[in-house]
Amino acid sequence: MQDRAVQDPSDEDLYQRMRKGDRRALELLYERHEPALYRYALHMSGSRSVADDVAQEVFMQLIAPHQGYDPKLGALEPYLYGMARNRIRMLRRTRPTEPLQDRPGQLDLLSDLLKNEAMAALYESLQKLPDRYRDAVVLCDLEERSYQDAAKLMGCPVGTVRSRLHRARLLLGSTLRMAVLR
Amino acid sequence: MSCFWVPRIIECARTGQIPTAEIRQHLAECLHCERRWAQEELLSSRLRSIRQASAVGRSSVEGRRLILQRFAASPRPQSFGPKLWLAIAASLLIGFVSFTTWPHRQTLSPVESDWSAEGFVAVPFALPLASGEFVKVVHADLQPSDFARMGIEVDTASPSPISADVMSGEDDLPRAVRVSGEQF
């Protein structure tokens with residue numbers, strides 16, 4: 001049991017070690033959460049520049065001397081997603097987004113995929129969903145989080161996550177069906 | 001039209017499971033659910049493609065380097081030494097002298113000063129208020145998870161709602177929160 005705790009420390013343990021100056025703990029936290037936070041921000045915003053900014057800024061805030069997280073008061077991951085969500089909301093309002101397809105000269109499977117008209121329509125429809133619905137689709141279907149995990153990150157009951165996801169899928173499915181038939 | 005089977009159909013499609021015999025039988029009998037099943041399968045396959053495409057092709061090496069660089073440059077709690085204490089004392093002395101001899105300058109906006117004076121905690125990354133923007137304060141009983149969604153940490157183990165005042169701008173987005181009592 002102790003060996004496992006050493007091999008796979010919790011986020012909160014890593015955070016405590018990081019606050020004491022342990023660089024390796026920060027590296028582990030970064031490796032564990034940055035890719036998912038980036039993808040979350042990418043799909044929530046539809047913009048790579050916003051996603052880069054959010055993924056970076058969340059960690060900048062985390063290592064800042066006077067940031068507001070206290071491990072005694074809750075898990076780290078919902079805190080990170082809370083910061084990311086606020087940052088995305090702010091940047092979506094203030095920064096114009098560039099279409100993901102317009103990224104020539106880079107190995108980018110997502111951009112290539114979105115050159116397909118139906119896929120582009122689906123992704124655009126995802127961006128137009130209300131935040132709470134988009135959150136459910138991104139966490140449950142694009143990030144493959146369980147309903148329980150998504151509920152923790154969204155701060156709502158499991159049943160609410162499920163109903164939001166089902167509602168969102170109905171909206172997305174209709175858009176996609178029309179785009180395919182076109 | 002909503003059928004009792006729709007949630008099961010959606011879950012089956014999004015998890016990629018083969019429909020059970022009962023679901024298959026229902027799909028054969030219900031045109032609405034048959035269409036919905038086809039739509040859900042199509043949507044699931046496209047979302048799966050997006051998921052797979054977005055999981056590759058990005059390097060976070062540069063971002064990681066910047067974070068570690070910033071981390072190395074930031075002060076650590078255990079690095080308090082005599083030189084640091086001397087520097088703090090000197091800063092305090094300079095600050096005190098500056099404060100008492102120079103005209104006082106207000107660094108926070110009047111609104112922000114009022115917030116902190118009244119015990120409000122700013123919501124991280126919230127948009128700043130525009131000049132002259134009206135704010136409203138609403139008293140509400142919030143769940144700890146509501147605080148987490150705003151990026152503010154409270155005791156999520158607490159079973160009861162937390163009584164708080166939420167300050168919002170004209171766009172109804174929260175800017176600051178004040179918790180009543182000792183629940184923070």
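Lettering follows sequence order; numbering is per chain, from 1.
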Would you say the side chain of A:Leu126 lies within less than 4.5 Å of the side chain of B:Leu47, judging by non-hydrogen atoms?
->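 Of all side-chain heavy-atom pairs linking A:Leu126 with B:Leu47, none is under 4.5 Å.
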Can you say whether A:Tyr30 sits under 4.5 Å from chain B via the side chain, the backbone, both, or neither, judging by heavy atoms?
->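 When you check distances to chain B, only side chain atoms of A:Tyr30 fall under 4.5 Å.
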Given that the side chain runs from C-beta out, which part of A:Ser174 has a heavy atom under 4.5 Å from chain B: side chain, backbone, both or neither?
-> both
Quick check for you: among [options], which has the greatest number of heavy-atom pairs under 4.5 Å with chain A?
options	answer
B:Ile67, B:Asp146, B:Leu66	B:Ile67
B:Val123, B:Ile50, B:Leu42	B:Ile50
B:Ala13, B:Ser44, B:Ala38	B:Ser44

To the nearest 0.5 Å, what is the distance between [atom1] ([X]) and [atom2] ([Y])?
X	Y	atom1	atom2	answer
B:Ser45	A:Leu176	OG	CG	7.5 Å
B:Glu11	A:Tyr147	CD	OH	3.0 Å
A:Asp22	B:Phe71	CG	CZ	7.0 Å

Output the option from [options] having the highest count of non-hydrogen pairs under 4.5 Å with chain B.
options	answer
A:Asp141, A:Leu113, A:Leu165, A:Val180	A:Asp141
A:Arg93, A:Arg162, A:Glu143	A:Arg93
A:His166, A:Glu34, A:Met119	A:His166
A:Arg23, A:Lys152, A:Arg177, A:Met154	A:Arg23
A:Arg39, A:Met60, A:His43	A:Met60

With only heavy atoms counted, which part of B:Arg36 is less than 4.5 Å from chain A, the side chain, the backbone, both or neither?
-> side chain
Can you tell which of A:Arg89, A:Glu57, A:Arg85 makes a side-chain contact (heavy atoms from CB on, under 4.5 Å) with B:Phe125?
->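 Single side-chain contact (heavy atoms from CB on, under 4.5 Å) partner of B:Phe125 among A:Arg89, A:Glu57, A:Arg85: A:Glu57.
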Using atom types as modelled and distance alone, determine if a side-chain donor or acceptor of B:Arg14 lies under 3.5 Å from a backbone N or O of A:Cys140.
->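 Answer holds: yes.
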Do the side chains of [X] and [Y] join up, straight or via other hydrophobic residues, at under 4.5 Å, putting them in one cluster?
X	Y	result
A:Val158	A:Tyr133	yes
B:Phe4	B:Trp37	yes
A:Met90	B:Leu173	no
B:Leu27	B:Leu31	no
A:Leu170	A:Leu142	no

Closest approach of A:Leu110 and B:Ser54, non-hydrogen atoms and distance?
-> CD2-CB, 4.1 Å
Is the count of non-hydrogen atoms from other residues, nucleotides or ligands lying under 6.0 Å from A:Glu117 atom CD greater than 12?
->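 Open.
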Are A:Tyr123 and B:Arg46 close enough, and set up right, to give a side-chain contact (heavy atoms from CB on, under 4.5 Å), and what steps lead you there?
-> CA-CA 10 Å; A:Tyr123 205 70; B:Arg46 299 300 165 98; over 6 Å; no
Worked verdict on B:Arg64 versus A:Glu27 for salt bridge (Lys or Arg N to Asp or Glu O under 4.0 Å) | CA-CA 8 Å; B:Arg64 177 192 168 122; A:Glu27 283 181 310; 3.2 Å; yes
